[in-house]
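Only a predicted model underlies this, so the values are computations on that prediction, with no experimental measurement involved. All heavy atoms count here, side chains included; hydrogens, waters and symmetry mates do not.
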Amino acid sequence: MKIICVDDENLVLELVVRLCEELPQINEVVSFSSSPEALEYMKNNSADLALLDIEMPKMNGITLAVKIKELHPDISIVFLTGYSNYALEAFKIHANGYIMKPIEKEKLVAEINHALSSKAVTSYPHIFAKTFGEFDLLIDGKPLRFARSKSKELLAFLIDKQGAGVKRAVAFAALYEDELYDRKMQKSFNVIVYSLKTTLTENGIGEIFEMNSGELRINPALIDCDLYRLLQGDVQTINTYRGEYMVSYYWASLTEAVIEKNKLK
């Protein structure tokens, strides 16, 4: 992620730049002490977030934000100011945040994370498992359609297991709760497994699903997944999590507890 910082007070500008450079999700910070200079830069460059002072000579931060938005509609804006009376005007232009000076590190980091959280996944890899909220498997950004809802849930369950092999009886118990795994239900479950394999194969991604020695598993090396990113400590992904994990499936609550523990680390 790339940030531009604009403030005519050099000490404030240096502080903000230093704090931004400490954030792991920020790859580049570009600073300016004047609005016209920043605007000229943005005519030929882009950024994910602009941190703007409001009271500046020649062009105030509100006007600068409007002009930057005209050039880059998707950029996030956070205002840094010593004046509270600009808040209403700032949010009229859909600012993502408003921080009062003097700048406190905790508040600045929180506002930056909030502003950038919606940009965490701007484009999807070829195969992406979305587990936050409702579960979906996306192929090039488009949700995969399943012939059977239980086949979709089976895939979700295997993704939740992160590549570990799962016995058919264990998977069945998760999907059907109190049902008895008798001969009749074994046949029904085989239909679910076959349907999942067929759907994945027909969409050119059959290799993500494996059946070996009576166990089912997915190959996590072939799937990108928000859960996996979070567990690996990806800050941007952590900041997009809003307390909901595979909300349609009761068995997901165990992993939801694990996620909360990882967020607190």
Side-chain angles (χ1 to χ4, degrees), residues 1-123 229-230 232-242 262-265:
M1 297 288 183
K2 179 179 178 180
I3 288 181
I4 66 164
C5 304
V6 188
D7 198 307
D8 64 328
E9 298 180 56
N10 286 331
L11 290 179
V12 174
L13 186 61
E14 290 173 4
L15 171 63
V16 173
V17 169
R18 177 171 56 80
L19 293 177
C20 289
E21 290 176 339
E22 294 176 358
L23 297 178
Q25 69 269 42
I26 305 303
N27 301 319
E28 184 179 0
V29 183
V30 184
S31 62
F32 305 93
S33 57
S34 76
S35 294
E37 184 182 2
L39 181 59
E40 191 63 30
Y41 175 84
M42 291 304 293
K43 289 178 180 178
N44 299 300
N45 298 274
S46 62
D48 299 289
L49 171 65
L51 299 175
L52 308 178
D53 184 23
I54 292 183
E55 284 283 356
M56 293 186 289
K58 298 182 181 179
M59 183 190 306
N60 71 24
I62 300 290
T63 302
L64 175 60
V66 171
K67 292 182 178 296
I68 289 177
K69 279 278 193 179
E70 290 174 353
L71 296 169
H72 306 282
D74 294 332
I75 194 171
S76 297
I77 303 289
V78 172
F79 288 110
L80 314 174
T81 181
Y83 303 91
S84 60
N85 55 303
Y86 287 107
L88 181 59
E89 190 175 356
F91 288 109
K92 281 183 179 179
I93 65 168
H94 306 293
N96 300 83
Y98 192 96
I99 303 175
M100 293 295 296
K101 295 178 180 179
I103 305 298
E104 296 180 11
K105 179 179 179 179
E106 292 76 13
K107 290 183 179 180
L108 178 64
V109 170
E111 290 292 345
I112 289 175
N113 286 336
H114 174 72
L116 295 179
S117 63
S118 62
K119 300 176 182 292
V121 181
T122 55
S123 62
R229 291 183 183 185
L230 182 146
Q232 291 167 1
D234 184 84
V235 175
Q236 295 173 23
T237 304
I238 290 172
N239 290 327
T240 66
Y241 182 68
R242 295 293 180 263
N262 273 267
K263 286 195 69 178
L264 294 174
K265 288 182 179 179

Which pair of non-hydrogen atoms, one from Ile75 and one from Ala47, has the smallest distance, and what is that distance? CG1-O, 3.5 Å
Thinking salt bridges, do Lys67 and Glu70 make one under a 4.0 Å N-O criterion? no
Mind listing the closest non-hydrogen atom pair of Cys20 and Ile112 along with its distance? SG-CD1, 3.7 Å
Contact summary for Val78 and Tyr98, nearest pair of heavy atoms: CG1-N, 4.4 Å
Could you check whether atom NZ of Lys69 has more than 12 heavy atoms from other residues, nucleotides or ligands sitting under 6.0 Å from it? yes
Is there a salt bridge (charged side-chain N to carboxylate O under 4.0 Å, His left out) between Arg18 and Glu21 once you walk through the steps? CA-CA 5 Å; Arg18 177 171 56 80; Glu21 290 176 339; over 6 Å; no
Between Val16 and Ile103 the two heavy atoms that sit nearest each other are CG2-CG1, 4.4 Å
Are the side chains of Leu108 and Leu80 in contact, using a 4.5 Å heavy-atom criterion? yes
Where is the tightest heavy-atom contact between Ala65 and Ile77, given as atom of each residue plus distance? CB-CG2, 4.1 Å
Check for a donor-acceptor pair, side chain of Asp48 on one end and backbone N or O of Lys2 on the other, with a separation under 3.5 Å. yes
I need the minimum non-hydrogen distance between Gly61 and Phe79, along with the two atoms involved. O-CE2, 3.5 Å
Has the side chain of His72 got a donor or acceptor atom that lies under 3.5 Å from a matching backbone atom of Met42? yes
Among all residues two or more places apart in sequence or in another chain, which pass the salt bridge (Lys or Arg N to Asp or Glu O under 4.0 Å) test with Glu106? none
